[in-house]
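None of the values given here were measured: they were computed from a predicted structure. Quick note on labels: first sequence line is chain A, next is B, and so on, each numbered from 1. Values below: every heavy atom of this structure, side chains too, minus hydrogens, waters and symmetry copies.
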2 protein chains.
Amino acid sequence: MSDFSVSTLLRQLPYFAQVADDFINHLAAQAVHRTFQPDEAIFWEGEPSAGLCAVEYGRIKAYKVSPDGHEYILRFFGPGDSFNELAALDGAANPVNTMAMTEASVWMIHTAVFTAALQEDHQLCLAVLRGLVGRVRHIVGRMEDLALRPVTARLANFLLNHAEAASADLTHPAITRTLIANHLATTPESISRSLRVLEQAGAIRFDRQQILIVALDILRDQAKL
Amino acid sequence: MSDFSVSTLLRQLPYFAQVADDFINHLAAQAVHRTFQPDEAIFWEGEPSAGLCAVEYGRIKAYKVSPDGHEYILRFFGPGDSFNELAALDGAANPVNTMAMTEASVWMIHTAVFTAALQEDHQLCLAVLRGLVGRVRHIVGRMEDLALRPVTARLANFLLNHAEAASADLTHPAITRTLIANHLATTPESISRSLRVLEQAGAIRFDRQQILIVALDILRDQAKL
DNA sequence: CCTGCGACTTGATCTAAATCAAGGCACGCT
DNA sequence: AGCGTGCCTTGATTTAGATCAAGTCGCAGG
């Protein structure tokens with residue numbers, strides 16, 4: 001904990017960038033802190049809203065599970081990310097399962113506190129709206145991927161997205177191939193083969209377990225954008 | 001046009017339910033009207049924002065096309081629906097293509113007008129936020145479908161959604177099997193075979209080209225929810 | 001009534017990707 | 001160093017669903 005400040009964490013969230021200091025402090029004072037072990041569930045789909053969550057540290061996944069046990073990961077979160085906006089906004093059930101992939105520290109703002117803040121602060125409302133619009137645009141891209149593109153193109157797309165976004169860098173951490181597979185709605189084996197295809201095409205290289213992007217243009221081509 | 005009133009149309013949109021009359025009239029005064037022939041494009045993906053669109057009459061589809069010509073329909077619209085909120089909200093390019101499937105009449109509110117309204121009216125802002133949250137929840141369900149469920153389950157799910165929602169009823173209109181196929185990211189042949197499976201299972205019946213839902217519970221079971 | 005067109009059905013292949021099944025490699029632990 | 005244990009790779013096989021190819025049905029127009 002030491003000199004960590006929840007206010008600072010909240011301030012980093014795009015939603016709260018424009019919000020007055022007092023307001024931030026007010027919210028921060030009501031935030032609830034929890035830590036999680038690797039593979040520990042944070043909350044389950046269908047449960048009453050867990051409120052708005054902000055990641056202090058650690059890596060988290062949001063996922064769905066099919067009746068026959070297949071996992072589909074909708075999104076990864078890292079430090080400075082927030083999640084569960086949907087339930088925090090409408091007060092209905094959590095839309096997905098979330099789980100800590102590493103040790104993680106999360107601050108949670110109760111639904112009632114957050115919605116009250118929205119009622120009061122027009123700027124906050126606009127910021128959340130902006131954030132949500134960006135989210136939907138991103139999701140639409142992912143749907144297009146799932147509906148229209150083969151595995152290799154989805155993978156190329158994934159690598160492109162994460163080339164810039166440091167949010168979930170491909171480097172060492174807990175981003176295993178199985179995780180990528182579950183995120184792209186495919187299998188580890190297919191990821192392996194597709195990585196080989198991209199390597200053959202000259203888009204990427206392997207440096208001792210590391211995926212290195214060699215040619216963005218070739219990658220873009222493979223992504224069929 | 002006769003005694004049709006744009007204000008009344010806007011008032012029906014969930015976004016504008018709580019907004020003051022003057023404000024509605026102000027927006028209505030600035031709305032641009034256009035009609036479209038069957039199979040006529042309304043706007044293209046990537047073009048500058050066409051603004052917020054409201055359907056007076058007709059049936060419209062929002063869709064993406066892959067490089068190899070496959071079409072994926074994200075959503076259908078009918079009278080009283082609005083679309084292109086994303087571009088209207090952030091002013092960036094239209095996220096998808098839209099096309100009139102039948103003769104259609106659409107009213108468009110310029111992006112600048114709409115965003116100005118949002119700046120001014122907190123209630124409007126909250127209403128749009130609510131609407132968007134609902135949209136994302138729905139989309140997440142569709143993603144889960146695409147990622148985790150086979151065609152028959154997706155189809156069962158589709159039939160369930162449209163059993164209540166009169167918005168796009170399965171009855172006579174332009175909702176052909178090819179359209180359903182493109183909406184569920186599959187082919188007309190697969191839809192045909194899956195319909196047969198659902199019939200066999202006792203979930204639906206055919207009455208001269210019509211799909212009739214016989215047993216909601218069996219359908220729910222097939223949807224693997 | 002015939003004719004032709006468009007959408008649906010049905011069957012026969014084909015194919016991308018999932019599943020199944022060994023190995024191999026790297027790292028942590030004793 | 002020796003040895004698991006996980007994760008990744010690679011190959012063989014299977015399968016859901018796409019594609020290809022005929023028909024069939026219903027309807028509109030002559």
Side-chain angles (χ1 to χ4, degrees), chain A residues 38-39 59 65-73 101-102 145-158 170-200 204-212 222 224, chain B residues 38-39 59 65-73 101-102 145-158 170-200 204-212 222 224:
Chain A
D39 287 336
R59 303 223 154 253
V65 180
S66 76
D68 50 340
H70 285 262
E71 175 176 300
Y72 171 55
I73 300 176
M101 303 191 301
T102 65
D145 263 21
L146 282 180
L148 297 174
R149 290 200 246 276
V151 170
T152 305
R154 296 212 291 278
L155 178 59
N157 221 342
F158 172 80
L170 316 164
T171 53
H172 313 146
I175 303 293
T176 151
R177 273 100 208 271
T178 304
L179 250 0
I180 300 179
N182 289 347
H183 182 49
L184 299 182
T186 180
T187 61
E189 292 94 327
S190 289
I191 292 292
S192 208
R193 295 186 233 269
S194 285
L195 281 171
R196 196 84 337 146
V197 170
L198 293 178
E199 186 193 25
Q200 234 77 121
I204 61 174
R205 257 186 336 105
F206 295 97
D207 180 30
R208 13 189 284 86
Q209 312 293 64
Q210 285 284 321
I211 300 169
L212 293 182
Q222 292 282 339
K224 311 229 183 72
Chain B
D39 287 334
R59 303 223 154 252
V65 180
S66 76
D68 49 340
H70 285 261
E71 175 177 300
Y72 171 56
I73 300 177
M101 303 191 302
T102 64
D145 262 21
L146 282 179
L148 297 174
R149 289 202 247 275
V151 170
T152 305
R154 296 212 291 278
L155 178 59
N157 221 341
F158 172 80
L170 317 163
T171 51
H172 313 145
I175 302 293
T176 151
R177 274 103 209 272
T178 305
L179 249 1
I180 299 180
N182 290 346
H183 182 50
L184 299 182
T186 180
T187 60
E189 291 94 329
S190 288
I191 291 294
S192 208
R193 295 187 232 268
S194 286
L195 281 172
R196 195 86 334 148
V197 170
L198 292 179
E199 187 194 25
Q200 238 70 129
I204 61 174
R205 260 189 330 108
F206 295 96
D207 180 29
R208 14 191 281 87
Q209 311 293 63
Q210 285 284 319
I211 300 169
L212 293 182
Q222 292 282 338
K224 310 227 181 78

* To do: Check the distance between C:dT10's C1' and B:Arg177's CZ and give it to me in whole angstrom.
  => 14 Å
* **Gap between atoms CG and P, on B:Asp145 and D:dG17 respectively (whole Å)** => 12 Å
* Side chains of B:Arg193 and B:Thr152: closer than 4.5 Å at any heavy-atom pair? -> no
* **Atom-to-atom span, CG of B:Leu146 to P of C:dA17 - whole angstrom** => 15 Å
* Stretch residues 185-194 of chain A: residues that reach within less than 4.0 Å of DNA chain C through a heavy atom -> A:Ala185, A:Thr186, A:Thr187, A:Glu189, A:Ser190, A:Arg193
* Asked: Is any side-chain heavy atom of B:Ser194 closer than 4.5 Å to a side-chain heavy atom of B:Arg154?
  -> no
* Asked: Hey, are the side chains of B:Phe206 and B:Ile211 touching, using non-hydrogen atoms and a 4.5 Å cut-off?
  -> yes
* **Nucleotide nearest B:Pro150 when distance is taken to its side chain, options D:dC8, D:dT19, D:dG17** => D:dG17
* Take atom CG of B:Asp68 and atom P of D:dT19, then tell me their distance rounded to the nearest Å. => 8 Å
* Heavy-atom pair with the smallest gap, counting every atom of A:Lys224 and A:Pro150 -> NZ-CG, 3.8 Å
* To do: Rounded to the nearest angstrom, tell me the gap between atom CZ in A:Phe206 and atom P in C:dC25.
  => 16 Å
* Specify the separation, in whole Å, of atom CG of B:Leu179 and atom P of C:dA7. => 10 Å
* To do: Taking the side chain as every heavy atom from C-beta outward, state whether A:Ile191 and A:Phe158 have any pair of such atoms under 4.5 Å apart.
  => no
* Kindly indicate whether the side chain of A:Leu195, heavy atoms from C-beta on, has any atom under 4.5 Å from the side chain of A:Ile204. => yes
* A:Tyr72 has an atom OH; how far is it from atom P of C:dA18, in whole Å? -> 14 Å
* OP1 or OP2 of C:dA17 under 4.0 Å from side-chain N/O of A:His70 -> no
* B:Ile180 CD1 - C:dC8 C1' separation (whole Å) -> 12 Å
